[in-house]
Enquirer: 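Dumping the structure here so I can ask a few things about it.
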There are 2 protein chains.
Amino acid sequence: MSRLPLSDKMLDLVARRFRTLGEPFRLRLLQSLEQGEKTVGELVQLLDGHQPNVSKHLQILHDAGLVSRRRDANSILYAISDPMVFKLCELVCRSAEKQTRKDYELLHPPLQRSKRG
Amino acid sequence: MSRLPLSDKMLDLVARRFRTLGEPFRLRLLQSLEQGEKTVGELVQLLDGHQPNVSKHLQILHDAGLVSRRRDANSILYAISDPMVFKLCELVCRSAEKQTRKDYELLHPPLQRSKRG
DNA sequence: ACATTAAATTACTATATCACCATAGATGCA
DNA sequence: TGCATCTATGGTGATATAGTAATTTAATGT
């Protein structure tokens, strides 16, 4: 995008990253990590999820380089490693909000006089 | 993300948008439209795709509000409607490049002396 | 109205991804 | 070592998404 056409491999990489962010549960994980690192167990509690599921999603985020991992005794602490994700989400949120507002106004025009007059 | 926790519906919306961008073919479509509007046929040629496939992806992009559509005689012209996508892609590209560089350096450390001495 | 061109829709198969369950691995402590 | 806790991994079924072919819809021109 940034000016020049991207190579196929780069396109795949970029697409893969977008897909990584394309799961609500993973977005919630990232959201939960925004204020600081947390253990898997804490995230399981916070998000009311199943442990294996949480682990798997964290793995995916880790593979994408979005979160970092460190061991503390028995637990693993996950943390945001690339704060760019929040900038991304903000952009998308704004755009999505704009869109939903537009959709809404299509259904409910800011009527001077209603459709049925 | 943007400070406050998002509602479930908003999370779904945002995730859906990320998934929309999570297909290399759609990124190529957007890339092709960066310089200006194009007909479906032109995009089919440019990307060497099948017409129904191109149409379907364009439909998805249109549903997401990322491209606009207008008829010109027999053809339909598509155009970028939300240039934000390019900002998004740039962010992701930069981050992906950083990541790949890091991965590379892990495999090929900037050796003062090589591993085999 | 008919033929032609352009695009969208439908139907189908193949692949990918998710949630869930059971189980394995790793660490800490007695 | 043996047990408890925390996390990761493997397998399975359900769902979603992509790609392709066949068909339909829309517009143009004769």
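Chain naming here is simple, since letters A, B, ... match the order of the sequence lines and numbering starts at 1 in each.
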Enquirer: Which nucleotide sits closest to the side chain of Ser55(A): dA8(C), dT28(D), dA8(D)?
Expert: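 The listed nucleotide nearest to Ser55(A)'s side chain is dA8(D).
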Enquirer: Looking across every strand, which nucleic acid part, if any, lies under 4.0 Å from Ser75(A) by heavy atom: base, sugar-phosphate, or nothing?
Expert: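 Touches sugar-phosphate only.
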Enquirer: Keeping the roles fixed (side chain from Arg17(A), backbone from Ala64(A)), state whether a donor-acceptor pair exists under 3.5 Å.
Expert: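 Yes.
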Enquirer: dA8(D) phosphate, OP1 or OP2: any side-chain N/O from Tyr78(A) under 4.0 angstrom?
Expert: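 It does, given that an N or O in the side chain of Tyr78(A) lies less than 4.0 Å from OP1 or OP2 of dA8(D).
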Enquirer: What integer distance in Å separates Lys38(B):NZ from dA7(C):P?
Expert: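 After rounding, the reported distance stands at 14 Å.
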Enquirer: Take Gln51(B) and Ser55(B) through the test side chain to side chain donor-acceptor pair (under 3.5 Å) and record every step on the way to the result.
Expert: CA-CA 6 Å; Gln51(B) 179 267 319; Ser55(B) 270; 3.2 Å; yes
Enquirer: Without swapping roles, check the side chain of Arg69(A) against the backbone of Leu77(A) for a donor-acceptor pair under 3.5 Å.
Expert: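 No; zero donor-acceptor contacts below 3.5 Å.
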Enquirer: Using whole Å, what does the distance between atom P of nucleotide dA8(D) and atom CG of Asn74(A) come to?
Expert: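 Distance check: Asn74(A) CG to dA8(D) P gives 11 Å.
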Enquirer: Could you say whether Asp72(A) or Pro52(A) is positioned toward the 5' end of DNA chain C, judged by the nucleotide with the nearest heavy atom to each?
Expert: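 Whichever sits nearer the 5' end wins; that is Pro52(A).
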Enquirer: May I have the distance from Ile76(B) (atom CD1) to dT25(D) (atom P), rounded to whole angstrom?
Expert: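 Result: 16 Å.
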Enquirer: Regarding dA8(D), can its base be found pairing with the side chain of Gln51(A) as donor and acceptor, where the two atoms are less than 3.5 Å apart?
Expert: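 Yes, a donor-acceptor pair under 3.5 Å.
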Enquirer: Between Arg71(A) and Ile60(A), name the one whose nearest nucleotide on DNA chain C is closer to the 5' end.
Expert: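 On the 5' side of the pair lies Ile60(A).
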Enquirer: Would you mind telling me which of dA11(C), dT28(D), dA7(C) lies closest to the side-chain atoms of Lys56(B)?
Expert: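 It is dA11(C).
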Enquirer: Can you find a side chain N or O atom of His57(B) that sits less than 4.0 Å from OP1 or OP2 on dG19(D)?
Expert: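 Yes, His57(B) has a side-chain N/O under 4.0 Å of OP1/OP2 on dG19(D).
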Enquirer: Looking only at atom types and distance, does a side-chain atom of Thr20(A) sit under 3.5 Å from a main-chain N or O of Arg16(A), one as donor and one as acceptor?
Expert: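 The answer is yes, because a donor-acceptor pair under 3.5 Å joins these two groups.
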Enquirer: Using atom CD of Gln59(A) as one end and atom C1' of dG10(D) as the other, report the distance to the nearest whole Å.
Expert: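 Computing the Gln59(A):CD to dG10(D):C1' distance gives 13 Å.
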Enquirer: Students often get this wrong, so: under 4.0 angstrom with heavy atoms, is Arg69(A) touching a base, only sugar-phosphate, or nothing?
Expert: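 Since only primed, P, OP1 and OP2 atoms lie under 4.0 Å of Arg69(A), the category is sugar-phosphate.
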Enquirer: Check for a donor-acceptor pair, side chain of Glu42(B) on one end and backbone N or O of Thr39(B) on the other, with a separation under 3.5 Å.
Expert: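 Answer holds: yes.
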Enquirer: In whole Å, I'd like the distance from the CZ atom of Arg16(A) to the C1' atom of dT15(C).
Expert: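 Rounded to the whole Å, the gap is 14 Å.
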Enquirer: Between atom CZ in Phe18(B) and atom P in dC18(C), what is the gap in whole Å?
Expert: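 Whole-Å distance recorded here is 15 Å.
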Enquirer: Look at the side-chain N and O atoms of Arg19(B) and state whether any lies under 4.0 Å from the OP1 or OP2 oxygen of dT17(D).
Expert: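 Indeed, a polar side-chain atom of Arg19(B) lies that close.
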Enquirer: Does Arg26(B) have a side-chain nitrogen or oxygen under 4.0 Å from the phosphate oxygens OP1 or OP2 of dA18(D)?
Expert: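 Affirmative; the distance criterion is met.
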Enquirer: Does Asn53(A) have a side-chain nitrogen or oxygen under 4.0 Å from the phosphate oxygens OP1 or OP2 of dA19(C)?
Expert: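 Looking at the OP1 and OP2 atoms of dA19(C), one of them is under 4.0 Å from a side-chain N or O of Asn53(A).
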Enquirer: For the pair made of CD in Glu23(B) and P in dT17(D), what is the distance, rounded to whole Å?
Expert: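 Distance, rounded to whole Å: 10 Å.
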Enquirer: Just how far, in rounded Å, is C1' of dG19(D) from CZ of Arg28(B)?
Expert: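 So the two atoms are 14 Å apart, to the nearest Å.
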Enquirer: Considering every strand and a 4.0 Å limit on heavy-atom distances, what is the contact class for Leu43(B): base, sugar-phosphate, or nothing?
Expert: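 Nothing, no heavy atom under 4.0 Å.
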Enquirer: Within a 6.0 Å radius of atom CD on Gln45(B), are there more than 12 heavy atoms belonging to other residues, nucleotides or ligands?
Expert: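 Open: at most 12 neighbouring heavy atoms sit under 6.0 Å from CD of Gln45(B).
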